[in-house]
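The residues of the chain are indexed from 1 along the displayed sequence. Every heavy atom of this structure was used, including side-chain atoms; hydrogens, water molecules and symmetry mates were not. This one's a predicted model, so the numbers in the text were calculated from it and none came from an experiment.
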Amino acid sequence: MSSALDSLLDLLDLEQIEQDIFRGASRSAVVPRVFGGQVAAQALVAAGRTVPAERTAHSLHSYFLRMGDPGAPIVYSVDRIRDGRSFTTRRVVAVQHGQPIFHLSASFQTYEEGLEHQADMPPAPDPETLPTAAQMLPRYADRFSDPGVVDRLIEARAAVDLRYVDAPPFGTVGEPREPRSQVWFRTNGKLADDPLLHVCMATYVSDMTLLDSVLLAHGRGGWAVGDVVGASLDHAMWFHRPFRADEWLLYDQESPSASGGRGLGQARIYTQDGRLAITVIQEGVVRVPRD
């Protein structure tokens with residue numbers, strides 16, 4: 001296991017400070033604020049720790065309310081909304097400096113048999129044939145006005161082996177493309193056999209690239225390039241089938257719409273053997289900077 005993955009696991013291992021109240025550490029993302037995927041994953045950890053182990057997460061719905069301060073801890077307060085015969089519902093509010101910065105509702109279910117069908121997995125190359133972030137990102141160093149961005153991006157993704165199938169948005173600035181993007185990802189090391197941990201790790205990664213397809217449609221390079229500014233607004237996930245975040249997962253993303261200063265991304269995450277594991281939808285602020 002890499003030291004970066006150890007550090008991320010420590011970040012997700014919340015401290016319980018009272019019944020249904022947890023505290024998590026913060027750290028900076030590529031930009032000077034808390035990474036949204038970190039807050040979402042930590043909130044899901046908090047919710048999951050109040051639920052019986054035999055009930056696994058099947059969905060989450062969340063809103064990003066304020067930018068997180070990487071210099072301060074985050075307190076997660078869990079409300080036990082419902083404990084039914086098959087389903088458990090939790091609401092989590094993340095607070096910093098006395099103000100809510102994030103809100104999450106999550107539902108958990110006891111396993112049961114049911115009807116089965118799924119969308120087919122789209123074609124994608126073998127992830128082992130694609131360059132790693134450390135191999136790919138330096139190729140685009142000249143696209144960033146800040147020379148430290150490449151190192152920060154590599155550091156931010158060191159816990160996860162994330163490989164683009166095609167060039168990322170900052171690789172084709174000024175060249176609008178079909179609003180679709182694919183990445184393969186897995187953790188840089190094996191994880192314990194805890195379903196909640198794998199779900200939380202996928203939640204963490206799901207916020208990294210989902211709005212890429214919005215940028216591709218307009219030939220924009222992204223926040224690190226400086227030709228757009230933005231932030232996540234809301235994020236929803238549905239966990240359909242068991243999966244492991246330490247094995248290759250295909251993140252197939254597209255954007256059906258952008259308007260009103262907002263862009264929508266939707267995606268499906270497949271296991272390498274073709275099982276549909278997760279559906280993800282996110283809307284974010286995507287604005288062109290004023291001159």
(message) Is there a salt bridge (Lys or Arg N to Asp or Glu O under 4.0 Å) between Asp79 and Arg90? Walk through the geometry before answering.
(response) CA-CA 6 Å; Asp79 289 335; Arg90 296 290 184 260; over 6 Å; no

(message) As a test of understanding, state which of Thr209, Asp161, Val160 forms a side-chain contact (heavy atoms from CB on, under 4.5 Å) with Phe185.
(response) Val160

(request) Flag yes if more than 12 heavy atoms outside Glu155 fall under 6.0 Å of its CD atom; otherwise flag no. (result) no

(request) Could you walk me through whether Arg268 and Asp120 pass salt bridge (Lys or Arg N to Asp or Glu O under 4.0 Å), step by step? (result) CA-CA 10 Å; Arg268 293 168 175 162; Asp120 291 338; over 6 Å; no

(message) Does either side chain, that of Gln19 or that of Gln16, offer a donor lying less than 3.5 Å from an acceptor on the other one?
(response) no

(message) Hydrophobic clusters here meaning ILVMFWY residues chained together by side-chain heavy-atom distances under 4.5 Å, can you tell me if Tyr63 and Ile74 are in one?
(response) no

(message) Within the structure provided, determine whether Tyr164 and Asp212 are in side-chain contact (heavy-atom separation under 4.5 Å).
(response) yes

(request) Give a yes or no answer on whether the side chain of Asp69 reaches the backbone of Arg33 with a donor-acceptor pair at less than 3.5 Å. (result) no

(request) Working to the nearest 0.5 Å, report the span between CG of Leu8 and CG of Asp13. (result) 11.5 Å

(message) Check whether His240 reaches the backbone of Ala277 with its side chain - one donor and one acceptor, N or O, closer than 3.5 Å.
(response) no

(message) To the nearest 0.5 Å, what is the distance between CD on Gln253 and CG on Leu216?
(response) 9.5 Å

(message) Same cluster or not: Tyr204 versus Leu250, using hydrophobic residues (I, L, V, M, F, W, Y) connected whenever any side-chain heavy atoms lie under 4.5 Å apart?
(response) no

(message) Do Phe22 and Thr50 make a side-chain contact, defined as non-hydrogen atoms from C-beta onward lying under 4.5 Å apart?
(response) yes

(request) Check Leu130 against Arg163 and note the closest heavy-atom contact, atom names and distance. (result) O-NH1, 3.0 Å

(request) Could you please spell out the steps behind the salt bridge (Lys or Arg N to Asp or Glu O under 4.0 Å) verdict for Arg244 and Asp193? (result) CA-CA 9 Å; Arg244 294 189 63 93; Asp193 297 332; 2.7 Å; yes

(request) Find the distance between NE2 (His103) and OG (Ser62) and round it off to the nearest 0.5 Å. (result) 9.5 Å

(request) Check whether any side-chain N or O of Arg80 sits under 3.5 Å from a backbone N or O of Asp20 as a donor-acceptor pair, and report yes or no. (result) no

(message) Any side-chain to backbone donor/acceptor pair from Tyr251 onto Ser206? Under 3.5 Å, distance only.
(response) yes

(message) Looking at Arg66 and Pro100, would you say the former's side chain and the latter's main chain have a donor-acceptor pair under 3.5 Å?
(response) yes

(request) Check whether the side chains of Thr271 and Glu247 place a donor and an acceptor atom closer than 3.5 Å, and report yes or no. (result) no

(message) For the aromatic rings, using the six-membered ring if either is Trp, is the centroid distance between Phe144 and Phe170 under 6.0 Å?
(response) yes

(request) Indicate if Leu11 and Val75 have the same hydrophobic cluster label, given that clusters are the connected sets of ILVMFWY residues with side-chain heavy-atom separations under 4.5 angstrom. (result) no

(message) Could you check whether any side-chain heavy atom of Leu191 comes within less than 4.5 Å of a side-chain heavy atom of Met201, counting everything from C-beta outward?
(response) yes

(request) Without swapping roles, check the side chain of Glu175 against the backbone of Thr172 for a donor-acceptor pair under 3.5 Å. (result) no

(message) Within the structure provided, determine whether Trp238 and Ile281 are in side-chain contact (heavy-atom separation under 4.5 Å).
(response) yes

(message) Please verify the inter-ring angle class for Trp248 with Trp184; under 30° counts as parallel, over 60° as perpendicular, anything in between as tilted.
(response) perpendicular

(request) Report the distance from atom CG of Leu210 to atom CD of Glu254, rounding to the nearest 0.5 Å. (result) 10.0 Å

(request) Compute whether any side-chain donor of one residue and acceptor of the other, for Asp252 and Gln182, lie under 3.5 angstrom apart. (result) yes

(message) Is it the case that the side chain of Arg143 and the backbone of Gly171 share a donor-acceptor pair, with hydrogens and angles ignored and the cut-off at 3.5 Å?
(response) yes

(request) Please answer whether the main-chain N or O of Ala72 pairs with a side-chain N or O of Gln96 as donor and acceptor at a distance below 3.5 Å. (result) yes

(message) Under 4.5 Å between side-chain heavy atoms, counting indirect links through other Ile/Leu/Val/Met/Phe/Trp/Tyr residues: same cluster for Val205 and Leu137 or not?
(response) yes

(message) I'd like to know if Arg262 pairs up with Asp234 as an ion pair, taking the criterion as any Lys NZ or Arg NE/NH1/NH2 lying under 4.0 Å from an Asp or Glu carboxylate oxygen.
(response) no

(message) Within a 6.0 Å radius of atom CD on Glu128, are there more than 12 heavy atoms belonging to other residues, nucleotides or ligands?
(response) yes

(request) Determine, using the 4.5 Å side-chain heavy-atom cutoff (strictly less than), whether Val183 and Val280 are members of one ILVMFWY cluster. (result) yes

(request) Please report the C-alpha distance between Tyr76 and Gln42 in whole Å, then the side-chain angles of each, then the deciding distance to 0.1 Å, and finally whether the side chain to side chain donor-acceptor pair (under 3.5 Å) criterion is met. (result) CA-CA 8 Å; Tyr76 297 90; Gln42 286 180 327; 2.5 Å; yes

(message) Can you confirm if the aromatic rings of Phe243 and Tyr270 lie within a centre distance of less than 6.0 Å?
(response) no

(request) Check whether the ring centres of His58 and Phe87 lie less than 6.0 Å apart, and answer yes or no. (result) yes

(message) Keeping Arg241 on the side-chain end and Leu276 on the backbone end, is there a donor-acceptor pair under 3.5 Å?
(response) yes

(message) Strictly distance-based, threshold 3.5 Å: is any side-chain N or O of Ser255 a donor or acceptor partner for the main-chain N or O of Leu264?
(response) yes

(request) Using a strict cut-off of less than 4.0 Å between a Lys/Arg side-chain nitrogen and an Asp/Glu carboxylate oxygen, indicate whether Arg49 and Glu15 qualify as a salt bridge. (result) no

(request) Could you tell me the separation between the OG1 atom of Thr56 and the CG atom of Leu196, rounded to the nearest 0.5 Å? (result) 9.5 Å

(request) Calculate, to the nearest 0.5 Å, the distance between atoms CG and OG belonging to Asp207 and Ser232 respectively. (result) 4.0 Å

(message) Does Arg186 form a salt bridge (Lys or Arg N to Asp or Glu O under 4.0 Å) with Asp246? I'd like the steps, not just the answer.
(response) CA-CA 5 Å; Arg186 66 179 177 186; Asp246 54 8; over 6 Å; no

(request) Check whether the side chains of Arg180 and Ser213 place a donor and an acceptor atom closer than 3.5 Å, and report yes or no. (result) no

